[in-house]
Each structure stands twice: as structure tokens, then as C-alpha cells.
Amino acid sequence: MIVIGLIASAIGIAVALSIDWFPIAGSTQAKKVDTLFDVLLIASVPIFVFVEVVVLFSVWKFRMRPGDELKDGPPIHGNTLLEVVWTAIPAMLLVGLCSYAYVTLRNIEHKPKHEMVVNVTGQQFAWSFTYPAANAGAKPITSTQLYLPKGKSVKFNVRSKDVIHDFWVPEFRIKIDAVPGITTHYRITPSRFGSYPVVCAELCGLGHSTMRQTAHVMAPADFQAWMQRKQAQASKAT
Amino acid sequence: MTARLRAPGLHRGLIGAALGFALAYAIVLPVRAAQGLHPVLDGDAVTIVGLLSAPLGFLFGLGAFDYWFYYLTGRPTRPEDHSGHGARSWKDYFRVNTDHKVIGIQYTVTSFFFLLVGGSLAMLMRAELAQPGMQFVSTDGFNGLFSVHASILIFLFVIPVFAGLANFVLPLMIGAPDMAFPRLNAVSYWMLPIAGLMMMASFLVPGGSFSTGWTAYAPLSTDQPIGQLFFTVGVQFAGASSVATALNFLVTIITMRAPGMSFWRMPLLVWANFSTSLLVVIATPFIAASQFLVLLDRALHFHFFDAAQGGDVLSYQHIFWFYSHPAVYIMMLPGFGIISEIISVKSRKPIFGYRMMAFSLLAIVVLGFTVWAHHMFVSGMQSWIRIPMMITTAIIAVPTGIKVFSWLATLWRGVLHLDTPMLFALGFLTMFVIGGISGVMLAMIPVDIHVSDTYFIVAHIHYVLFGGSLFTIFAGVYYWFPKMTGRMFDERLGKLHFWLTFIFFNLTFGPMHYIGLRGMPRRVADYSQQYAGWNLFISLSAFVVGASTLVFLYNMVSSWRGGPRAEANPWRALTLEWQVSSPPPIFNFDTVPTVVGGPYEYGVPGAVHGVFRKPGEVRPPTPAGGGATQVARE
Ligand SMILES: [Cu+2]
Ligand SMILES: [Cu+2]
């Protein structure tokens, strides 16, 4: 039975790791989250397999046969050693996983020396993105699409004008609620060119499922060009 | 005619409801006129007061308060008045009844009615989600569907059905003639249909049903059409019912155990309901408060959660989850109790590590109050709170693990009777482990940040509440069906029900883990094309799960009407409820049992749990629960 359990665990882990669970990793943070998830899978599969093997083995080996209708099992009331073991081992495993999760959290929330700031504002049912003058040049720039340069750490300051929303780009792996009255924030570093959905993840009313925009990750030079174009438009308007 | 209308019952209840609603007008009109508000007649204001006064009028009319009212006004009452006790015909199930067995069945049947309602709403949701784009309902209509689905199934099914099963079984198990407060018990029950009908009625009001999820986060919920209040007030009635029942269980368990039944001789179902009742009594006032704050914000502009007026938005979530996390255990611990009964009896072995099983329940009660903010890792609360909440959430897996491993050890070397209750118990073990594992993953902050508010959460909660709680409920209903009805259910249909539910449950909710990780948010009426294939698959599987419920219903109804007569003790169980006839006598025990041993002594030669002395025999006066060892040595 132990052999079967080990083989089944090995197969289970192999299958679990071969599945592509996540969307594309679009930020440096994403890879660390994905690795943490893989570690959790490796720790979880043997536990699940263990329970299943014991259940299925018992069903096969100890099921009532004809003639045993009135028979009872042996009166085993417990086993202190066993109970200590199955309290201590999961506790140690969980402490280990929590420590690793804590390290990962510190890594993905690390504050770099240089970063750009984007102010994200949610309202029913659209996002708007404002690049403050400090980054954007003469005037702040506001856009309905999110443009980001690749490889540069960005801090989002997230606010809401009405109810709670949640600012999420699945490819970046991080989300945070936009809460009326306070400013929330997170940081990511885009690591891959492409266009990704910006999703509102917190129920915000009847248009919640349509609150979708796009994030474009582009080369720093292209990003600068876009900013200058927007800046020119902004000064023409005034 | 007038005599019939003046007698307590449903007729008088409806009149009471109408009078209650009239009272709402009588209160609102003068108050608005005095305040100089315009218009004086405001439907919104009348509805809010009416939602509170009409149900109270109904309860009065029904006769739920008659005895206390008589006592209050000095009219004659008899403490030993058993006129409202027991059921002689089906009509007795539609009036205020003080028999815990009748109330238990009222509870259970009502809850299953709401299971059908909540399940049907899920079918409508899956029909809409089968394809991307909008087909059957509006986006707001869809938000209403999942909000009422979750609220009904949490507040009107899982929580009360456990209270119902325990209501029937628990007094029998501890050798008591009834619950400690039978009249309070009846009131608790009758508040349930009120809460449920209120939530369902929200579909009929202008603006549609409440549509802010069962979580009703402010400030979204403070600025909604009137339907929202049917949730806000409905929860008050469901919560009050829950608290009253929990108090009743606590007092019953503490004071009404048969002689010789010490705490360490109580069946684990009793321990489980003891623990659950502690959770209910401590936690439920918090959700009541959270909804009262929403009510005051919406109706009277208190601005508790209006940031522009200095309100604090996040405080709603803290108060809400301080109830709603423990609520997860309120919906799970009674199921743990049921599973312990069934696994021990059906394996013909004592439960492995009985005392650790009881201690782990208490550990979950304590730890359950220390983890609530794990629902708020992305809420923008103070970021340091996340760390202790991650650790406590992970640690709570330890007592839960102890229970799972002890059940496995109970199976080991037993003589396994693999009938319907046992299959549901084993199915529960399998799926609850998956729900537990995804729960530990969710405790890990970085993973949670990505998957919170996605279908991964939907998968997790359904593995816990459907694969977990509902499977224990099915197991319990099959297990005690002979005792409750005096009939045997159809074993073949029971097995069919199990396999259909088990297989298609996994096909429905398993893939949701995947699409959630891939980025599909929850609570959306529409989704991007990339999730279309899986959603169609999930919808089709969900329809089979829905259909499997019909097998269960048919089995229950036909077996109740014409199944073979059940013996007193068809499972050869030791606990006391099986030592009386099926269904039990109207006052449970003709002679009070004396408990002389543990509840699970299977395989111990000559072991008994309780003995019945003949009436004439001399019995030393033993206080309930006390003198256990003394009795054992006799
Ligand atoms: Cu939204
Ligand atoms: Cu929780």
C-alpha cells in the first residue's frame, strides 16, 4: 500500500505540475507567485493521495463480506503516538509553507529605488489611468487604456469615486480593491510585451462584468513617444 | 367562523401579518407628517417598517407567543400544557408545535424546500453562463440570481437543516424528553419561513431582488433599490432564529443529559452541536449588526459607510467577516458530528481518538474567531494584519486534519457497511480534503491575491459547502430517515443518487479551480471567449447535479409514504436515539435511560451505552451529567 501511495503521489505531482494553471506571466512578480503555487501543489498532492489510498484500500480490504452482517471490528480506541504524529507533521509542514509564502510576499512587495507612479481611479463602470506630472512632463496625462514600459517598476495608487472595485490584471497576478475614501496601492514590474485585460474583480453593480479595459506593455522608447503625443494633445486642448 | 379565525393557526397568522402591515402605515404616516417630509405616503418607508412589523404580526397570529402573552397578562396557564405537543396528522406540522421531533421535521423539510429554490437559481445561472454573451437575463438580473442563490442556501438551507437534524436527534441522543425551551424552539422554527419567503419575495418588488451578493458589501448595498432590504431584514430573522436555537441547544446539552451521561460519554454529534452553538451565539450578533448599519445608512442616512461623510468603508467587511468566517464552521461542525456517528457505526468500530475529536472541535471554535481577515487580503486593510491571519488560517488545518486522520483510522480494520449513508460519508471525506487543501492554498497571501474574487473561490466554497456540508447532510438524512419516519428508504435509489451527485459534482466544480486560476472573475454575467469551452462543460455537468436531486426527492417522498417499516435499530447502533421505537414515542422515553458507557463501544464484548430500568426499580437520584463513575460501577 505504501508503494502504491508513493507511485500515485509521484504521478499526481507530475500531472499537477504539467498542467498550465496560470495565464502568461507578464510581470517579474508573476513568476514568484507561480513558483509558490507549484510548491503548494507538491505539498498537497501526497496528502490527497494518502487520504484516497486509505479510503479505497479500506473499502476494498475491510468491506463487509456476506456472512459478516453481525460482526464487529476490533475495539481500537486510539493510539497516542499516531495522534501526536498526525498533529505534529501537518503543523510543521504548514509552518514551512507559511514561511515560504511570507518570503514570497516580501519579494513581490519589495519597494525598488526608482519607480513610476500611475494613479488608477475606478468608477461605475470604467477605469481611468492618470500619469502624474512628475513622470509625464508638463502636465498630468489621463488615459482610458493603461500603457506601461517594459522592465520598469510601477506603483499603482488606486482610488474609487463611488463603490468598491478591484483593480486586477491577471497576467501581473496582483490585485487590490479600489476603496472609497482611502488610497490603496501595489507595485509590479512588467516583464513581457503584450496587451492584457484589466479586470474589475469586485462586484460593483449591474455593469460589473463589463468593466474591462486593456493594459499595453511596450518598449520604453515607445512609451516615451506615447507620452509625448498625449502631452502634445493635452496642451493643444488648453 | 369567527371562532376559527380567533384560534391560533395559519389563518390568524395571515390576519396578524395584515395587521402588522397596517401598523407600519400607522407608524410611518404620522412620523413623516410630523417631520414635514414630502410625500407623506412613501412606499419605501412603509416597506422598511412593514418588513419588521408584518412578520411579528404573523408570529403573534400564529400563536407563537400565546403562552407567554397569557402569562404576561395574568390569564390562566398550565406549565404542563402539552396541547401543542406531538403530531397526530399532517396538519400538526403546519401549526406551532412544541415537540422537538415535529420541529426537527418542520426544519428539515422547510430547509430542503429552500435547497430546491436555491438550486433552481443555480440552474438559471448555469443556463446563462453556458455561453458567453447575454441570453436569458439582464446583467442585473444575473447579479440577483447569485445573490439570492447564496443567501438562501447559506441562511435557509445549510445552517437551519443542521439545526433541524440536531433538533430531532440531539434530545434523543442525550436521553432528554425534549429541548430545554420547547416554546422558544417553535418560535425559532417559524422565523425561518419568514426569512426565506422574504428573500424570495425580493424578486417581485420594483427594482428587482437584492443583487450585491450574500456579502452585501457597503457602500454598494447602501445605495440599492428596495430589494436590498429584503436581504437586510431577512438576515435578521434567520439570525434571530439561529441564536435562539443555539441557546436552546446549549442549555439542553448542559442541563438535560440523562443520568450517567457525562460530557465524555456524549456522542460526537452532541459535541459538534455544542461547539456550533457556541459559535452561533458569539458570532451571529455581528452579522445582525452589520445589516442594521446598512439599514440605517440606507433608510435614515447615518453615513456609517459613506466615505464622503467621514464613514469607514472597511469596517463593514471586518464586522461582516467576524461572523461570516465562523459561519463556515457553523456550516461544517455539525456535519463533522454526523460523519463521526456514521463512520463509527458503519465501520463497527469505536471512533478513533474520541477525546481528540472533541478537543479538536473546541480548538476550531477558538481558532475560528482569529482568522476572519483572510477574506480581506486584497481589501486594502492595514497590510500587517495579513500575516497573523495567514498563520492562524493555516494552523486551523491542524485540528481539521486530526479529524480527517481519525476518521481514516476508524475505517481501518473495521467491517465496512457500504450503504448509502456510508457512501456519502466517504464521498464527504474525499471532497472535504480537496476543499481543505484549496483552503490552505488560499491562506497563502500571494496565491490569495491572485485568486481571490475568481472562480477558484467559487470552486473552494462549493467543495467545502456542497462536497462538504451537503454530503454530510445527505448522509445524515439517509442515516436518520428510518428513525424520523419509521420507514426504510430505497437503497438502490440512494446509491444512484450518491454516484450521480459525486461524479457530476466533481465535473462541475473541479474545472472551476482551473478557470479561476486562469483569470475568470466570479460574480460575472458574461466572460471572455477563452473560458467558453469550460463554462459549457460546467453548465452541462451542473444540470446533471440538479437532476440527481430529483432522484433523492423521489426516494424520500415515496419511501416516506410507502417504504417498508423500519425497525427500532436497523443499523445496530449504540446511541440512545436507536434504543426507542421508530418513530420515537411522543415523549421520547417511557423510562428514563441511564448511561453506563461510551457511545461507540463497537467490538467491545457486552458493551452497552444506555440501559432502561423498569419503572418499579430503585434508582439513586443522580443529577444530569454528574456521578458518571458512580453509576458505571453499579
Ligand atoms: Cu466591478
Ligand atoms: Cu474564512
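We use all heavy atoms of the structure for the numbers below, so side chains are in, but hydrogens, waters and symmetry mates are not. To find a chain, count down the sequence lines: A is the first, B the second, and so on, and within it residues start at 1.
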Quiz item: When you look at A/Ser58 and B/Leu416, which way does the side-chain contact (heavy atoms from CB on, under 4.5 Å) test go after all the steps?
Solution: CA-CA 8 Å; A/Ser58 305; B/Leu416 272 53; 4.0 Å; yes
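- A/Ala201 and B/Asp453 make their closest contact through O-CB, 3.1 Å (heavy atoms, listed as atom of the first residue, atom of the second, distance).
- Interface remark: of the candidates A/Phe37, A/Phe57, A/Phe50, A/Phe37 forms the most heavy-atom pairs closer than 4.5 Å to chain B.
- Of the atoms belonging to A/Ile24, not a single heavy atom falls under 4.5 Å from chain B.
- Only the side chain of A/Ile182 comes within contact range of chain B, judged by heavy atoms closer than 4.5 Å.
- Both the backbone and the side chain of A/Leu40 come within less than 4.5 Å of a heavy atom of chain B.
- Side-chain atoms of A/Ser44 and B/Met441, non-hydrogen and from C-beta on, do get closer than 4.5 Å to each other.
- Residues B/Val524 and A/Arg212 meet the side-chain proximity criterion, which asks for heavy atoms closer than 4.5 Å.
- The shortest side-chain heavy-atom distance between B/Pro219 and A/Pro180 falls under the 4.5 Å cut-off.
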Quiz prompt | Candidate pair A/Glu69 and B/His417, rule side-chain hydrogen bond (donor to acceptor under 3.5 Å, both in side chains), full reasoning | solution = CA-CA 8 Å; A/Glu69 280 79 4; B/His417 294 239; over 6 Å; no
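- Counting heavy atoms from C-beta on, the side chains of A/Lys61 and B/Arg413 never come closer than 4.5 Å.
- Only the side chain of B/Phe146 comes within contact range of chain A, with at least one heavy atom under 4.5 Å from a heavy atom of that chain.
- Only the side chain of B/Val404 comes within less than 4.5 Å of a heavy atom in chain A; its backbone stays farther off.
- Contacts between A/Val158 and chain B at a heavy-atom distance below 4.5 Å are absent for every atom of the residue.
- Classified by interplanar angle (parallel below 30°, tilted 30° to 60°, perpendicular above 60°), the ring pair B/Trp412/A/Phe62 is perpendicular.
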Exercise. Test A/Asp72 against B/Arg572 for side-chain contact (heavy atoms from CB on, under 4.5 Å), laying out the working first.
Key: CA-CA 10 Å; A/Asp72 284 346; B/Arg572 293 191 298 119; 4.0 Å; yes
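- The part of B/Val313 that comes within reach of chain A is its side chain, from C-beta onward, which places non-hydrogen atoms under 4.5 angstrom from that chain.
- Note that CG of A/Leu203 and OG1 of B/Thr212 are 7.0 Å apart. Values are rounded to the nearest 0.5 Å.
- Most heavy-atom pairs under 4.5 Å with chain B, from the set A/Val95, A/Leu97, A/Leu82: that is A/Leu97.
- Here the CG atom belonging to A/Asp177 is positioned 7.5 Å from the OG atom belonging to B/Ser452, to the nearest 0.5 angstrom.
- Between A/Ser209 and B/Ala525, the shortest heavy-atom contact is CB-N, 3.6 Å.
- Contact annotation for A/Asn79: both backbone and side-chain heavy atoms come within less than 4.5 Å of a heavy atom of chain B.
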Exercise. Go through the steps for A/Thr210 and B/Asp526 under the test side-chain contact (heavy atoms from CB on, under 4.5 Å), then give the verdict.
Key: CA-CA 8 Å; A/Thr210 57; B/Asp526 192 9; 6.0 Å; no
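- Using a 4.5 Å cut-off between heavy atoms, A/His208 touches chain B through its side chain atoms alone.
- In this structure, chain A has no heavy atom under 4.5 Å from any part of B/Thr215.
- Using a 4.5 Å cut-off between heavy atoms, B/Ile402 contacts chain A through both its backbone and its side chain.
- For the set A/Ala88, A/Gly205, A/Pro90, the entry with the most heavy-atom pairs within less than 4.5 Å of chain B is A/Gly205.
- Ranking B/Leu408, B/Val433, B/Ile387, B/Ile351 against chain A, the residue ahead of the rest is B/Leu408, based on heavy-atom pairs under 4.5 Å.
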Exercise. Could you walk me through whether A/Arg173 and B/Ile449 pass the side-chain contact (heavy atoms from CB on, under 4.5 Å) test, one step at a time?
Key: CA-CA 7 Å; A/Arg173 301 291 187 276; B/Ile449 289 175; over 6 Å; no
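- Contact of A/Glu109 with chain B is made through the side chain alone, with heavy-atom distances under 4.5 Å.
- Heavy-atom distances place both the backbone and the side chain of B/Leu411 under 4.5 Å from chain A.
- The candidate with the highest count of non-hydrogen atom pairs below 4.5 Å against chain A, out of B/Ser379, B/Ser347, B/Ala307, is B/Ser379.
- The ring pair (Phe, Tyr, Trp, His ring centres under 6.0 Å) with B/His450 is formed by just one residue from the set A/Tyr186, A/Phe172, A/Trp168, A/Trp21; it is A/Trp168.
- Only the side chain of B/Ile437 has a heavy atom closer than 4.5 Å to any heavy atom of chain A.
- In plain terms, the two heavy atoms of A/Ile108 and B/Pro446 that are nearest each other are CD1-CB, 4.0 Å.
- For a residue to count as touching a neighbouring chain, one of its non-hydrogen atoms must lie under 4.5 Å from one of that chain's; by this rule B/Gln317 touches chain A with the side chain only.
- Listed here is the closest heavy atom pair of A/Leu94 and B/Ala394: CD1-O, 3.1 Å.
- For chain B, the nearby parts of A/Leu70 are the backbone and the side chain; heavy atoms of each come within less than 4.5 Å.
- With a 4.5 angstrom heavy-atom cutoff, B/Ile515 does not touch chain A via any of its atoms.
- Only the side chain of A/Ile19 comes within less than 4.5 Å of a heavy atom of chain B; its backbone N, CA, C and O stay farther away.
- Looking at B/Val440, only its side chain comes within 4.5 Å of chain A, counting heavy atoms on both sides.
- If you measure heavy-atom distances from B/Ser528 to chain A, you find no contacts under 4.5 Å at all.
- Looking only at side-chain heavy atoms (C-beta outward), A/Leu105 and B/Arg386 come within less than 4.5 Å of each other.
- Contacts with chain B were tallied for A/Gln124, A/His77, A/Arg63; A/His77 has the most, counting heavy-atom pairs under 4.5 Å.
- Comparing B/Tyr600, B/Tyr602, B/Tyr514 by heavy-atom pairs within less than 4.5 Å of chain A, the highest count is held by B/Tyr514.
- You'll find the side chain of B/Met444 stays beyond 4.5 Å of the side chain of A/Tyr100, heavy atoms only.
- Taking 4.0 Å as the cut-off between side-chain N and carboxylate O, A/Glu83 and B/Arg355 do not count as a salt-bridged pair.
- For A/Phe48 against B/Thr430, the heavy-atom pair with the smallest separation is CE1-O, 3.9 Å.
- Contacts between A/Val179 and chain B at a heavy-atom distance below 4.5 Å involve the side chain alone, from C-beta outward.
- Using a 4.5 Å cut-off between heavy atoms, B/Ala607 makes no contact with chain A at all.
- For A/Asp20, the parts lying near chain B are the backbone and the side chain together; criterion is any non-hydrogen pair under 4.5 Å.
- Scanning all heavy atoms of the two residues, the minimum distance from A/Pro74 to B/Lys349 falls at O-CG, 3.5 Å.
- Of the two parts of B/Tyr217, only the side chain, counted from C-beta on, holds a non-hydrogen atom closer than 4.5 Å to a non-hydrogen atom of chain A.
- No donor-acceptor pair closer than 3.5 Å links the side chain of B/Thr139 to the backbone N or O of A/Gly207.
- When each of A/Thr80, A/Asp166, A/Ile76, A/Val59 is scored by its heavy-atom pairs under 4.5 Å with chain B, the top score falls to A/Ile76.
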